[in-house]
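One structure is given below, encoded as C-alpha cells.
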Amino acid sequence: MTKKIPLTGDQAVAYAMKQIDPDVVAAYPITPQTAIVMSFSNYVANGQVSTEIIAVESEHSAMSACVGAAAAGARTMTATSANGLALMWEIVYIAASTRLPIVMPVVNRALSGPINIHCDHSDTMGARDSGWIQIYCENAQEVYENTILAVRVAEHKKILLPVMVCQDGFITSHGVEGVEVFEDKKVKDFIGEYKPDSPLLDIDNPSTYGPLDLQDYYFEHKRQEAEAMRSALDAIPEILKEFEKQFGTKYDFIETYKLDDAEIVIVVLSSTAGTVKFVVDELRQRGIKAGLLRPRIFRPFPKEKIINALKKAKAVAILDRSDSFSAEGGPLYTEIKAALYDLDIKPIMVNYIYGLGGRDIFPADINKVFEDLQKTVAAKFTLPKVNYLGSRE
Amino acid sequence: MANIKELAKQPEGLSGGHRLCAGCGASIVVRQVLMGTKDPVVVGSATGCLEVATTIYPYTAWKIPFIHNAFENVAATISGVETAYRALKKKGKIKKDIKFVAFGGDGGTYDIGLQSLSGALERGHNFVYVCYDNGAYMNTGIQRSSATPKGASTTTTPAGEASYGKVQLRKDLTSIVAAHHIPYVAQASASHWNDLITKAEKAFKVDGPAFLNVISMCHRGWRFPQQDTIKISKLAVETGFWPLIEIENGMWKFNYKPKERKPVVEFLKPQGRFKHLFKEENRHILDEIQKDIDNNWARLEHFCEAGCKVT
Ligand SMILES: Cc1ncc(C[n+]2csc(CCOP(=O)(O)OP(=O)(O)O)c2C)c(N)n1
Ligand code: SF4
Ligand SMILES: [Mg+2]
C-alpha cells in the first residue's frame with residue numbers, strides 16, 4: 001500500500017534515506033540542501049534509522065569520510081549543493097575512480113561567484129565528467145523514487161559507480177508536494193542487503209585501497225571506469241524494469257511529452273519541464289505541434305534515445321540552466337548537438353541559457369522559445385545559435 | 001613497557017621491499033607504532049613519501065588493510081572507516097575488535113590536513129593519528145612546511161646570499177592537538193623505541209582519539225649519511241629539539257629528560273640543511289635557535305609541573 005504525504009523535495013530525500021537506512025551518512029549543511037541533513041538527523045535522533053551519522057567539519061571531509069566508509073564496506077550516503085560540491089571536488093573524482101557506490105542527492109544551486117543560493121545547474125554540470133552517474137528529477141516524487149533507485153544503480157556489479165540525484169534548489173527542494181511513498185518493507189526488499197567486494201574491514205583478506213597508479217596501469221583503470229559507465233547504459237534498464245515491477249512506476253533514461261509528431265521541441269532538465277509541458281498543452285490546443293524531451297539520466301549520456309527522440313523534429317531548442325563559458329553554449333546543448341552529428345537530416349538546433357542564479361522562468365518565456373522555433377522553421381529568420389532567455393541585454 | 005623478545009615475534013604489517021629510501025625514518029616509525037597493538041589494525045595514509053613508496057600498483061607493502069585517499073584528508077577518511085566499523089559491528093556484521101591508525105606527513109598534518117585532523121579529533125573517533133614529521137614536503141622535493149625548523153634550507157626556502165633558510169618557527173602542532181582535549185597526545189622518536197612503542201600501546205588502548213607526533217628522519221632532505229638515521233634522531237631528543245612528552249587526559253609529562261641537554265648545534269651540525277648557519281654571518285641564527293629551544297623547554301617544564309600539581 002502506498003500512501004500520499006506532503007513533502008518538500010528535501011524531505012522526500014530524507015524520507016527515502018530513512019527507508020534506505022544507510023550504514024553511514026557523512027554530510028555538511030548548505031542551503032538549499034540543509035533540510036535534508038536536518039530531517040535525516042531527526043530520524044537518527046529518534047531512533048528511526050540505524051545509521052551512524054558523521055557531522056563533519058566540511059564537505060571535503062564529508063566526501064572523504066564517505067570514501068572511507070564505502071571502502072570499509074558500508075552503504076554510504078551524503079548530500080550537498082553548489083559550493084559544497086565544489087569543495088569536495090577532488091574527492092568526488094576519487095570516489096568514482098575507486099568505484100565506490102556512494103549515493104549523493106544534490107540540490108542544484110548556482111555556483112559562486114558571485115555567491116547566490118538559488119537554483120541553476122552550474123554545480124552538477126561542472127561535475128559531469130567526474131565519473132558519477134547523474135539523475136535529474138522534475139519533482140519531489142521523482143526525487144523520492146530516484147533516491148531509492150540510485151542505491152541499486154550504484155551497487156550494480158556491472159556499474160559500481162557513485163550516483164548524484166539532482167533536484168532544483170528551492171523550486172523542488174522547498175516546494176511542498178503530495179508524494180506517494182512506498183511501504184518500508186517494499187523499499188527494503190528492492191534495495192536488498194549491500195554485499196561489497198573486498199571491503200577494507202575484511203581483515204582476514206587485506207586489501208590496499210588507493211594505491212599509486214602510474215603509467216603502466218592508470219590508463220586501464222580509467223578505461224575500466226569509462227566501460228563501467230558504458231555498461232550502465234545496459235544495466236540501468238534492467239533495474240528500471242525491476243523498479244516498475246516493485247513499485248509500479250515506469251522510468252526511462254528520458255521522458256518524452258507529446259513528442260511523436262512534434263515539429264518544434266524543447267529539451268530541458270528537471271523542474272522547468274513542468275512549465276514546458278503546460279505550454280506544450282496550450283500550443284497543442286491551437287494545433288501547433290510542440291513537444292518536450294527531458295533527459296532524466298544525463299550520465300551515462302543516453303545518446304541513442306536522444307537521437308531517436310529528436311531525429312524527426314524540425315527545430316529543437318536546448319535549454320541550459322548553466323553556461324559552460326566555452327563561448328559555444330551550455331553543456332546540454334553541445335552534447336546533444338554532437339550526438340546528432342551522424343544523422344543525415346538534422347533538425348535546426350539552438351541553445352537558450354536560462355534561469356541562472358534562480359532567475360524565474362515563465363510560460364511566456366517558453367512560449368517565446370517555441371515562437372522562435374516556429375519562425376525559424378518557416379525560414380522567417382535565422383536565430384543566433386546561443387541565446388540568453390530572461391536576461392537583461 | 002615493551003618487551004623486545006615479544007615484539008620480535010609479532011607479525012609485521014608493513015613488509016620489507018617497500019620503496020622508501022634506505023635509512024628512511026618513516027618505515028621505522030610505522031613499524032614501531034604497529035607494535036603497539038596485537039589487535040587487527042586498519043591503516044590509513046595521506047599522500048606523501050610513505051604512501052607513494054609502499055603502494056605502487058600492482059604491488060603493496062601492506063600486509064594489513066590499507067587505504068589512501070588524498071593528501072589532506074586521511075583523518076576524515078579514517079573517521080569514515082571507523083564509523084563504518086561501528087555501524088557494521090552494531091549490526092553484527094563484524095565480530096572482531098579492530099584498531100584504526102592514520103599516518104600523515106608533516107605537510108599532510110600541520111598544513112593542508114590540519115582542518116581534517118581537527119574535525120576528526122573534535123568528533124572523537126576512536127583512532128590513532130600518527131604524524132611522521134620529517135619537517136618538509138619530501139615526496140615533492142623538500143619544500144618547506146610549517147613544521148620545517150627555523151634556519152633549514154629547503155627548495156622553497158633555499159639558503160643564499162640574502163637568505164639563511166626558513167625564517168619562521170615551527171608550528172607547535174602537539175600543543176594544538178592537546179588543545180582538543182583528547183585522551184592521549186604524545187611526542188616520540190624512533191631512537192627511543194621503548195618509549196615510542198609504549199606510547200603507541202597507550203594510544204591504541206584509549207577510548208577516543210589519540211595523537212602521536214613522531215620525528216621522522218629524512219636523510220635526503222636533511223642531508224646526512226643514511227646510516228646515521230637513528231643517531232640523528234637521538235640527537236634531536238638529547239638536544240631538546242624534540243622533547244619526549246605526553247599529555248594524558250590533560251596532564252603534561254616529560255617521559256625522558258636528558259641529564260644534561262646537549263647544545264642544539266650538535267643536532268644541526270651533521271645535517272647539510274643547516275650547513276649555511278655555521279658561516280660567520282649566520283651565527284646569530286644559531287643563537288636564536290638555541291634560545292627558542294630553551295624557551296620551549298621552559299614552557300614544557302612549566303606545563304608539566306602544573307600538570308603534576310593537579311594530580
Ligand atoms: C591537494 C594536493 N596538493 C598538493 C599535492 C602534492 N603533494 C603530494 S605529497 C606532498 C608533500 C607531502 O609532504 P608530507 O606530508 O610532509 O609527507 P612526506 O612526503 O614528507 O613524507 C605534496 C605537496 C597533492 N598530492 N595534493
Ligand atoms: S625522501 Fe626522505 S622521507 Fe622520502 S623516502 Fe627518502 S628518506 Fe624517506
Ligand atoms: Mg614531510
Side-chain angles (χ1 to χ4, degrees), chain A residues 21-26 28 50-76 78 88 90-91 93-95 98 100 102 193-196 198-214 216-218 220-221, chain B residues 13 19 39-45 47 51-91 93-94 96-100 102 113 115-123 125:
Chain A
D21 193 8
D23 299 310
V24 175
V25 168
Y28 192 81
S50 64
T51 307
E52 290 291 333
I53 199 162
I54 316 179
V56 279
E57 84 297 338
S58 72
E59 288 87 354
H60 193 285
S61 286
M63 189 46 69
S64 300
C66 282
V67 165
R75 186 174 264 158
T76 305
T78 182
M88 52 170 79
E90 178 197 25
I91 317 303
Y93 278 73
I94 292 172
T98 314
L100 298 172
I102 298 161
E193 197 182 325
Y194 177 43
K195 294 202 185 74
S198 312
L200 191 63
L201 291 177
D202 182 356
I203 47 169
D204 299 321
N205 302 289
S207 304
T208 288
Y209 273 76
L212 178 65
D213 202 15
L214 298 174
D216 45 357
Y217 284 99
Y218 178 91
E220 281 74 19
H221 290 142
Chain B
R19 302 188 209 184
D39 284 332
V41 181
V42 174
V43 174
S45 172
T47 313
E51 170 264 332
V52 303
T54 57
T55 69
I56 304 182
Y57 191 87
Y59 305 105
T60 179
W62 296 93
K63 294 180 176 177
I64 51 181
F66 173 92
I67 184 166
H68 159 254
N69 186 347
F71 182 21
E72 64 291 326
N73 65 354
V74 65
T77 305
I78 210 79
S79 58
V81 178
E82 185 263 353
T83 306
Y85 164 72
R86 278 187 284 115
L88 297 175
K89 195 150 193 213
K90 184 169 74 180
K91 291 177 184 170
K93 292 185 181 177
I94 290 177
K96 292 188 186 167
D97 287 332
I98 303 177
K99 302 280 194 229
F100 300 90
Q115 171 181 327
S116 169
L117 172 65
S118 176
L121 297 176
E122 184 270 336
R123 292 191 299 272
H125 296 278

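Chain letters run A, B, ... following the sequence lines, proteins first, then strands; residues in each count from 1.
Of the listed residues B/Lys90, B/Arg86, B/His125, the one with more heavy-atom pairs under 4.5 angstrom with chain A than any other is B/Lys90. Ranking A/Thr98, A/Asp213, A/Asp216, A/Leu201 against chain B, the residue ahead of the rest is A/Leu201, based on heavy-atom pairs under 4.5 Å. Chain B forms more heavy-atom pairs under 4.5 Å with one residue of A/Asp202, A/Ile53, A/Thr51, A/Ile54 than with any other, namely A/Ile54. Among B/Ala87, B/Ser118, B/Pro58, B/Gly80, the residue with the largest count of heavy-atom pairs under 4.5 Å with chain A is B/Gly80. Looking only at heavy-atom pairs under 4.5 Å with chain A, the residue among B/Val41, B/Val42, B/Thr47, B/Thr54 that has the most is B/Val42. Counting heavy-atom pairs under 4.5 Å between each of B/Gly119, B/Pro65, B/Ala84 and chain A puts B/Pro65 at the top. When the candidates A/Ala95, A/Pro199, A/Ala62, A/Ala72 are compared by the number of heavy-atom contacts under 4.5 Å with chain B, A/Ala72 comes out ahead.
Of the two parts of B/Val52, the backbone and the side chain both hold a non-hydrogen atom closer than 4.5 Å to a non-hydrogen atom of chain A. For B/Ile56, the parts lying near chain A are the backbone and the side chain together; criterion is any non-hydrogen pair under 4.5 Å. Looking at A/Thr208, both its backbone and its side chain come within 4.5 Å of chain B, counting heavy atoms on both sides. Contact annotation for A/Asp204: only side-chain heavy atoms (C-beta onward) come within less than 4.5 Å of a heavy atom of chain B. Of the two parts of A/Val24, only the side chain, counted from C-beta on, holds a non-hydrogen atom closer than 4.5 Å to a non-hydrogen atom of chain B. Only the side chain of A/Leu214 comes within less than 4.5 Å of a heavy atom in chain B; its backbone stays farther off. Interface remark: B/Lys63 contributes backbone atoms only to the contact with chain A (heavy atom separation under 4.5 Å). Using a 4.5 Å cut-off between heavy atoms, B/Ile64 touches chain A through its backbone atoms (N, CA, C, O) alone. For chain A, the nearby part of B/Glu51 is the side chain; its heavy atoms alone come within less than 4.5 Å. Within the 4.5 angstrom heavy-atom criterion, no atom of A/Ala26 approaches chain B. If you measure heavy-atom distances from A/Ile94 to chain B, the contacts under 4.5 Å come from the side chain alone. Residue A/Ala55 touches chain B through its backbone alone, counting heavy-atom pairs closer than 4.5 Å.
Distance alone, capped at 3.5 Å, places no donor-acceptor pair between the A/Ser64 side chain and the B/Thr77 backbone.
For the residue pair A/Ala71 and B/Ile67, the shortest heavy atom distance occurs at CB-CD1, 3.6 Å.
Salt bridge status for B/Lys93 with A/Glu193: present, with a side-chain N to carboxylate O gap under 4.0 Å.
A donor-acceptor contact under 3.5 angstrom links the side chains of B/Lys91 and A/Ser50, judged on distance only.
Between A/Ile91 and B/Glu72 the shortest side-chain heavy-atom distance falls below 4.5 Å.
Residue A/Glu90 holds its CD atom at 8.0 Å from CG of B/Asn69, rounded to the nearest 0.5 Å.
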